[in-house]
Amino acid sequence: MMGWFSQWWRGGTAAVEPASARDAARLAQLHGASFARGWGEGEFESMLGERNTLVHRLRLGRKTIGFAVSRIGADEAEILSIAVDQAHRGRGLSRTLLMTHLGHLAGRGVRTIFLEVEENNQPARRLYDRAGFMVVGRRERYYKQPNGEQLNALLMRRDLS
C-alpha cells in the first residue's frame, strides 16, 4: 500500500504558472544546479519585477521543479533560461514547460523567438528541435566553463505566426 502512495505522490500534478518574487530563492537554486554560472536570488528578483520579462515556474505537487525566463522586445522574445530539476528530467516536463511558455509569449504578441544553446547540450537541442526551433547561427567559444574550457553556442529561432 505504501508503495502505491509514494509513486502517486512522486508523480503529483504538473502545473506551469506565472512565477512571483516569492519564487526568487528557489529559481536561483534551480539555476545554480543546472548551469555553470548561476544567477543569484537578486537577479531573479529584479527579472520578476520587469514588465518585459516573462517568468513561469513548473510545479509538481507543492514543489517548484523548473522555470522558464524570456525577455520581450516589441514582437520578438529571447528565452534567457529554462531548467528542470535533474531528478525530474526525461519525463517530458520540460516540453510542457516550454510549450506553455511559448503560448504565453504568443499571447503577448510575440511573433519570433530566439535562444542560445550550448552546442553539445543534446537534451536541450532535442527539446528545441522538437519544439520547432531552427539553428540560424553559431557563436564560437561563447560559453566559458569553470575549468577554462570554452564551448560554442548555437543561435536558434522559431516563428510563432
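Reckoned from all heavy atoms, side chains included, excluding hydrogens, waters and symmetry mates.
How far CG of Leu154 is from CD of Glu116: 9.5 Å, rounded to the nearest 0.5 Å. Atom OG of Ser94 sits about 11.5 Å away from atom CE of Met99, to the nearest 0.5 Å.
Side-chain atoms of Asp159 and Arg111, non-hydrogen and from C-beta on, never get closer than 4.5 Å to each other. Two residues are said to be in side-chain contact when any heavy atoms from C-beta on lie closer than 4.5 Å; Arg51 and Ile72 fail this criterion. At a threshold of 4.5 Å between non-hydrogen side-chain atoms, the residues Val16 and His101 do not count as touching.
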- Task: Any chance you could lay out the side chain to side chain contact (heavy atoms under 4.5 Å, CB included) test for Tyr128 and Val135, step after step, and finish with the verdict?
- Result: CA-CA 10 Å; Tyr128 298 134; Val135 175; over 6 Å; no

- Task: For side chain to side chain donor-acceptor pair (under 3.5 Å), just list the numbers for Ser34 and Arg89, CA-CA rounded to whole Å, side-chain angles, deciding distance to a tenth of an Å, and then say yes or no.
- Result: CA-CA 11 Å; Ser34 300; Arg89 289 178 195 163; 3.2 Å; yes

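Residues passing the salt bridge (charged side-chain N to carboxylate O under 4.0 Å, His left out) test with Arg57, sequence neighbours excluded: Glu17, Asp23.
A 6.0 Å sphere centred on CD of Gln86 holds no more than 12 heavy atoms belonging to other residues, nucleotides or ligands. At most 12 non-hydrogen atoms from other residues, nucleotides or ligands lie less than 6.0 angstrom from CE of Met134.
With Ile82 as the fixed residue, the side-chain contact (heavy atoms from CB on, under 4.5 Å) test singles out one of Val117, Leu97, Leu115: Leu97.
Nearest heavy atoms, Ala131 versus Arg158: O-NH1, 2.7 Å. The heavy-atom pair separating Glu45 from Ala24 by the smallest distance is CG-CB, 3.6 Å.
Listed for the Glu43 side chain is a donor-acceptor partner under 3.5 Å among the backbone atoms of Gly40.
Grouped with Trp39 in one hydrophobic cluster are Leu27, Leu30, Phe44, Met47, Leu48, Val55, Phe67, Val69, Leu80, the linkage being side-chain heavy-atom contacts under 4.5 Å among Ile, Leu, Val, Met, Phe, Trp and Tyr residues.
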